[in-house]
Amino acid sequence: MPTNPDPLVFIVSGPSGSGKSTLVQSILELPNTLLAISCTTRTPRQTESGGKWYNFVSEAEFERMKQAGEFLEYAQVFGKNWYGTPRRWLDEARTTGKNLVLEIDVQGARQVKQNLPAAVAIFIVPPSRAEVEKRIRSRGQDSDDEIARRLQRAGQELEQYTGYDFIVINDDRDRAAKEVQSIVLAARCEMKRNEDRVKEILKSFGG
Ligand code: ADP
Ligand code: 5GP
């Protein structure tokens, strides 16, 4: 099994309805990518089953994991439910040599950047407020109250864009998908991640 001491981590963040889940799917189409499944205290939507996008846990279990230091990051999102990324996903990425993809909110993104400064943070920006509202409504999964809460938060979250390494404006789905994939591919080519391989190649030249 390959061992990568320092897995490449991608943070995908942005307001609700900006298209994070859609664009994370595009990243996951690339080989050697791994989605970190978050834990949440939110109740599952009708279309959701545990273990695919989330592990649904009780507040007591979430608190236990928090106290035990099991989270890489965690946050209370929309002042309501708790969400967190278990650290074990980093180990999984390390042992499999895969790139880890985190779909998390802006508070979590800040924590991961603090703990893992080499993580690549991608911010997904929706084209307009009206478009976000249309998308959340068409998804048909949130109550009017929940939609109002998410829209109010969206503006505040957008102001956090300066903390990110890359911005993808998700107006055209296909172009945005190509952009997120390009960011992943470009990060894999960074010099600091390829030095060892180049040194090996140099050796074959007698260097
Ligand atoms: P988020 O994960 O940020 O909440 P989603 O990926 O669930 O957002 O997207 C919200 C809705 O908008 C979904 O129904 C999705 O299919 C749709 N959507 C995503 N990107 C686009 C786009 N570029 N144009 C139109 N609709 C989109
Ligand atoms: P939803 O309830 O729509 O699935 O997600 C609500 C918000 O929680 C989204 O912004 C999503 O990115 C964020 N989120 C999902 N998982 C995590 C996580 O593990 N940590 C943090 N901080 N946010 C998360």
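Both ligands and their constituent atoms are indexed starting at 1 by order of listing. All values below were derived from every heavy atom in this structure, side-chain atoms included, with hydrogens, water molecules and symmetry-related copies excluded. Residue numbers count from 1 along this sequence.
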Exercise. Do R94 and D91 meet the salt-bridge criterion of a basic N to acidic O distance under 4.0 Å?
Worked result: yes

Exercise. Within the side chain of E131, is there an N or O that forms a donor-acceptor pair under 3.5 Å with the backbone of D171?
Worked result: no

Exercise. Are the side chain of E73 and the backbone N or O of T85 linked by a donor-acceptor pair below 3.5 Å?
Worked result: yes

Problem set entry | Cationic N near anionic O, under 4.0 Å, R197 to E200 | no

Exercise. Counting distance only, does the side-chain N/O of E59 pair as donor-acceptor with the main-chain N or O of T41 below 3.5 Å?
Worked result: no

For this session: Determine whether the side chain, the backbone, both or neither of P15 has a heavy atom under 4.0 Å from any heavy atom of ligand 1.
Result: backbone

Exercise. In terms of residue, atom name and distance, what is the protein heavy atom nearest to atom 4 (O) of ligand 2?
Worked result: Y54 OH, 2.5 Å

Problem set entry | Element-labelled atoms of ligand 1 that are located less than 4.0 Å from some non-hydrogen atom of G19 | 1 (P), 3 (O), 5 (P), 6 (O), 8 (O), 9 (O)

Exercise. Could D165 and K113 be called an ion pair, given the rule that one side-chain N must be under 4.0 Å from one carboxylate O?
Worked result: yes

For this session: Number the atoms of ligand 1 from 1 as they appear, then name those within less than 4.0 Å of a heavy atom of K20, with their elements.
Result: 1 (P), 2 (O), 3 (O), 4 (O), 6 (O), 8 (O)

For this session: Give yes if a backbone or side-chain nitrogen or oxygen of Y74 is under 3.5 Å from a nitrogen or oxygen of ligand 2, and no if not.
Result: no

Problem set entry | Nearest candidate to atom 22 (N) of ligand 2, where distance is taken over non-hydrogen atoms, out of I104, D105, I136, V77 | D105

Exercise. Take atom NZ in K134; do more than 12 heavy atoms of anything else shown fall under 6.0 Å from it?
Worked result: no

Exercise. Say you draw a straight line from OH of Y83 to CD1 of I104; how long is it, rounded to the nearest 0.5 Å?
Worked result: 13.0 Å

Seminar exercise, completed: among protein heavy atoms, the one nearest atom 18 (N) of ligand 1 is R173 NH2, 3.7 Å

Problem set entry | Heavy-atom nearest neighbour of atom 13 (C) of ligand 1 within options E103, K134, Q25, R139 | R139

Exercise. Do ligand 1 and S138 have nitrogen or oxygen atoms that lie under 3.5 Å from each other?
Worked result: no

Exercise. Is a side-chain donor or acceptor of S38 paired with a backbone partner of Y54 at a separation under 3.5 angstrom?
Worked result: no

Problem set entry | Candidate with minimal heavy-atom separation from atom 6 (C) of ligand 2, of F71, Y83, W53 | Y83

For this session: Could you tell me which atoms of ligand 1, counted from 1 in the order shown, lie closer than 4.0 angstrom to a heavy atom of N170?
Result: 19 (C), 20 (N), 21 (C), 22 (C), 23 (N)

Exercise. Closest non-hydrogen protein atom to atom 20 (N) of ligand 2, residue and atom name please, with distance?
Worked result: E73 OE2, 2.7 Å

Seminar exercise, completed: Ranked by distance from atom 22 (C) of ligand 1, the top protein heavy atom is R135 NH2, 3.3 Å

For this session: Assess S16 for proximity to ligand 2: is some non-hydrogen atom of it under 4.0 Å away?
Result: no

Problem set entry | ligand 2 contact by R45, heavy-atom criterion under 4.0 angstrom | yes

Exercise. Going hydrophobic residue to hydrophobic residue with side-chain gaps under 4.5 angstrom, can you get from V184 over to V180?
Worked result: yes

Exercise. So is G14 polar-close to ligand 2, meaning N/O to N/O under 3.5 Å?
Worked result: no

For this session: Please check if the side chain of N194 supplies one atom and the backbone of E190 the other of a donor-acceptor pair under 3.5 Å.
Result: yes

Exercise. Are E70 and R64 ion-paired here, with the side-chain N under 4.0 Å from a carboxylate O?
Worked result: yes

Problem set entry | Gap separating the CG atom of L23 from the CG atom of N170, nearest 0.5 angstrom | 4.5 Å

Exercise. Using heavy atoms and a threshold below 4.0 Å, how should the contact between I136 and ligand 1 be classified: side chain, backbone, both, or neither?
Worked result: neither

Exercise. Is the closest heavy atom of Q111 to ligand 2 under 4.0 Å?
Worked result: no

Exercise. Of the backbone atoms (N, CA, C, O) and the side-chain heavy atoms from C-beta on, which set of F78 has a member under 4.0 Å from an atom of ligand 2: side chain, backbone, both, or neither?
Worked result: side chain

Exercise. Contact between G14 and ligand 1, counting heavy atoms under 4.0 Å?
Worked result: no

Seminar exercise, completed: Closest heavy-atom approach to atom 16 (N) of ligand 2 among S38, A75, S21 is made by S38

Exercise. What is the closest protein heavy atom to atom 19 (C) of ligand 1, and at what distance does it sit?
Worked result: T22 OG1, 3.4 Å

Exercise. Is a side-chain N or O of K20 found less than 3.5 angstrom from the main chain of E103, in a donor-acceptor match?
Worked result: no

Exercise. Where the side chain of Q111 meets the backbone of L72, is there a donor-acceptor pair that is under 3.5 Å apart?
Worked result: no

Problem set entry | Taking atom 9 (C) of ligand 2 as the reference point, the nearest protein heavy atom with its distance | K20 CE, 4.0 Å

Exercise. Does S18, backbone or side chain, put an N or O under 3.5 Å from an N or O of ligand 1?
Worked result: yes

Problem set entry | Close-contact set for ligand 2 against G108 heavy atoms, below 4.0 Å | 22 (N)

Exercise. Does ligand 1 have any atom sitting under 4.0 Å from a heavy atom of V24?
Worked result: no

For this session: State the atoms of ligand 2, each with its element, that fall below the 4.0 Å cut-off from a heavy-atom position in T85.
Result: 19 (O)

Exercise. R87 side chain to G69 main-chain N or O, any donor-acceptor pair under 3.5 Å?
Worked result: yes

